[in-house]
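For reference, the structure discussed in these notes is given below.
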Amino acid sequence: MASWIALLLFGLGAATAQQYYIPVSGISARPQCTATPSYSQPTYSPYSAFAYSMTETVRTATSVQPGPTTTYAPPAASLTSLISSLSFTTWGKWDPNATVSATDTDNPYGDAAWTALWKMANPPNFTETSVFSTTVSPTPIPTSELVLPPSDYFGPTDCYYFPADFQFGVAGSAAQIEGATADEGKAPSLMDILIQDDRPKDYVTNENYYYYKQEIERLASMGVKYYSFSLAWSRILPFALPGTPVNQQGLDHYSDMIDFVLEKGMIPAVTILHFDTPAQFFAANLSAAQAKPVIGYSNGGYQNETFVDAYVNYAKIVMTQYADRVPIWFTFNEPFIYSFNGLSVDHVLKAHAQVYHFYKESINGTGKISLKFNDNFGVPRDPANPNDVYAADHFNSFQLGMFCNPIFLGQDYPDSYKDTVPDYVPLTPEDLSYINGTADFLGIDPYTATVVSPPVANSTDSIHECCGNMSSTYFPYCVNQSTLTTTGWDIGYRSQSYVYITPRYLRLYLSYLYNTFHTPIVITEFGFPVFGEDDQTALSDQLFDMPRSVYYLSYMTEVLKSIWEDGVHVAGAFAWSFADNWEFGDYTAHFGLQTVNRTTQERRYKKSFFDLVDFMNTRTMPQQEGWSGGWNF
Ligand SMILES: *[C@@H]1O[C@H](CO)[C@@H](O)[C@H](O)[C@H]1NC(C)=O
Ligand SMILES: *[C@@H]1O[C@H](CO)[C@@H](O)[C@H](O)[C@H]1NC(C)=O
Ligand SMILES: *[C@@H]1O[C@H](CO)[C@@H](O)[C@H](O)[C@H]1NC(C)=O
Ligand SMILES: *[C@@H]1O[C@H](CO)[C@@H](O)[C@H](O)[C@H]1NC(C)=O
Ligand SMILES: *[C@@H]1O[C@H](CO)[C@@H](O)[C@H](O)[C@H]1NC(C)=O
Ligand SMILES: *[C@@H]1O[C@H](CO)[C@@H](O)[C@H](O)[C@H]1NC(C)=O
Ligand SMILES: *[C@@H]1O[C@H](CO)[C@@H](O)[C@H](O)[C@H]1NC(C)=O
Ligand SMILES: *[C@@H]1O[C@H](CO)[C@@H](O)[C@H](O)[C@H]1NC(C)=O
Ligand SMILES: *[C@@H]1O[C@H](CO)[C@@H](O)[C@H](O)[C@H]1NC(C)=O
Ligand SMILES: *[C@@H]1O[C@H](CO)[C@@H](O)[C@H](O)[C@H]1NC(C)=O
């Protein structure tokens, strides 16, 4: 990592009030220009005949080559003895306007009870105006859609490549794409009740529930190897709790999806819970689902007294069903963001650890398990100022350390967490030894960076005062966050949302994570909603998304430097997302590598998708003799 960091950390002692974030070391080097310039005058040609000499290269994208067929655990039929016996049933589709009521009111899990769940959740302005009502059969992607776009003039010039076991893929989550939210037995989740104002709801989104085969066909045709998606708990267990019946249609849906991913030569990565906690966990007070939590942004219901047992039961069911075919598991998505209080964090840790032990010691799964964490890297406003460095450490350790200290290091929570969340649940030595080592790598969603300093300049006391004061403006992070550097420049190119293009900080961040938590790193989400993309009325303009290409190619170039120059074990990267989707009440922040026409559900590949897969294809190491498709960690 050499010069850039060295300069960042040490090179600025004398140069006060100068730009702290960009090395100022004279005119940029041009290593490609070896000859000493002679500064002679150019020689202009005599006039000649002119011809339109431009050419167009038309290439089509390649499909994924199917890998070796591997299983990662015994099949479901051999694992049933590991869990209590299951009953299976089906329910229909909820119709809030139905004039006939179900009569099976004696059955605690019958149609009447299922309908009552929807009535309890009472999703606002519920309508489902869907294009599809049954699974769409996949059709091959026409060659006309696979023609490469014009390439950008500037681009990466590196000569590095990715190791053969690098996981490159795309990611999405159930509630943000599936739609069909009250179809085929799915019960309501937090996502159906969270957005109470007149913003768009999750009821329809991308209709991926019915369109998934075509969706996967499109990804395979682009040469994407890994597909990361999440399961909707309330689709698999509408009544959420242990001992309640499994929804056969929900279970079959994800089984078919996994099979189709494998049939296309791709590899599935499954997130067990991505924000869409079943609504029952808020049953005592549904409006609490909208309450602002102490810790994160939303109340995920993890603090509910029944949560841990219910989550572990659900996770065991899906693992016994799918672990033979799924090699990568994430127990929780960004648990910080949906943690309500100290009990939530405790529940996430303990539920996660139980599931890890079950997978490794009962199922004997040979795949990998982790969680997906959030933390937009907090970088010190002035890296030469120890108070700003302290603030950055506080910011990063608060968001990551509450989970990562116990999981990766077997260590107690950091002070930044204990000082901020006084109702934290202490971890005993037994807890720590049970939780220690329960992840095979660290999954991180490092979308961007943020500039951090103490709330009052140079005052670390101002951090500590805020930690104990919930009414402080800076609570709970207790630092001043900014998108500006000390000289007033933005930290990077701005998106439609909180994301700025900050590739160099990504590299620094990967070093921070690797050297702090001593584990391989997988970038489980990263992506860029181009500013104003939704306002482009011509589809062709939306498709030509240069800033997103700059984001992905610069980030991946820095990943390569992290691997080869810093020696950081970065084991994979998943782009968020493969298509524009529902960003929690918002369709204008386009994070997609494809557009989605909200009237027809038609998808189109954006330019950045081609640029990203082309970048990866150009740099993928040929498979080594004897490589079995597994990972070297
Ligand atoms: C219920 O009826 C209302 C009024 O006719 C209609 O606007 C709404 O879309 C219907 N809801 C569903 C889910 O069909
Ligand atoms: C329901 O729809 C009405 C009419 O469009 C709108 O005014 C209201 O804000 C909506 N409520 C919610 C919670 O979305
Ligand atoms: C916790 O979840 C259970 C269902 O599992 C529910 O009965 C109970 O009311 C919930 N508690 C709260 C405080 O919402
Ligand atoms: C339900 O939760 C909301 C939000 O936290 C709170 O304001 C309200 O007082 C609660 N209601 C009851 C009956 O506990
Ligand atoms: C997993 O391994 C343990 C210990 O070797 C063994 O007792 C158990 O039966 C295995 N489980 C399965 C599902 O094969
Ligand atoms: C904060 O501390 C730095 C380095 O110790 C110093 O250069 C700077 O002037 C101080 N700023 C304020 C506002 O006190
Ligand atoms: C956590 O587990 C690692 C790996 O097994 C071990 O080296 C370390 O000592 C453990 N830490 C604690 C605090 O038990
Ligand atoms: C807590 O923060 C609020 C808002 O900044 C402030 O008014 C109050 O004085 C602080 N309380 C303490 C004890 O510092
Ligand atoms: C927060 O930090 C930014 C730059 O990093 C600075 O411009 C701003 O004045 C700071 N705010 C406070 C309240 O100190
Ligand atoms: C979506 O499809 C409809 C119907 O084909 C078309 O009229 C509309 O222009 C499309 N929208 C965009 C943004 O391309």
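Just so it is clear, the model here is predicted, and its values are computed rather than measured. Counting convention: from 1, in listed order, for ligands and their atoms alike. Residue numbers start at 1 and run along the sequence shown.
Taking any N or O of N480, backbone or side chain, at least one lies under 3.5 Å from an N or O belonging to ligand 9.
A cation-pi geometry, defined here as NZ or CZ lying under 6.0 Å from the six-membered ring centre and within 45° of its normal, does not hold between K225 and F168. Geometrically, R235 engages Y209 in a cation-pi contact, judged by NZ or CZ lying under 6.0 Å from the ring centre and within 45° of the ring axis.
The distance between the ring centers of W582 and F584 falls below 6.0 angstrom. Here the two rings, on Y512 and F377, have centers that are under 6.0 Å apart.
When heavy-atom distances to ligand 10 are checked against a 4.0 Å cut-off, T600 comes that close only through its side chain, counted from C-beta outward.
Under the 3.5 Å distance criterion, with hydrogens and angles disregarded, no donor-acceptor pair is assigned to the side chains of N374 and D445.
Below 4.0 Å from some heavy atom of N597 lie the following atoms of ligand 10, by number and element: 1 (C), 2 (O), 3 (C), 8 (C), 10 (C), 11 (N), 12 (C), 14 (O).
Note on residues 470-504: pairs passing disulfide (SG to SG under 2.5 Å), not counting sequence neighbours, are C466-C478.
Within 4.0 Å of ligand 8, counting heavy atoms only, the contacting residues are N469, S471, S472.
With F526 as the partner, the ring-ring contact (aromatic ring centres under 6.0 Å, His included) test is satisfied by one option alone out of F591, Y509, F574, Y552: Y552.
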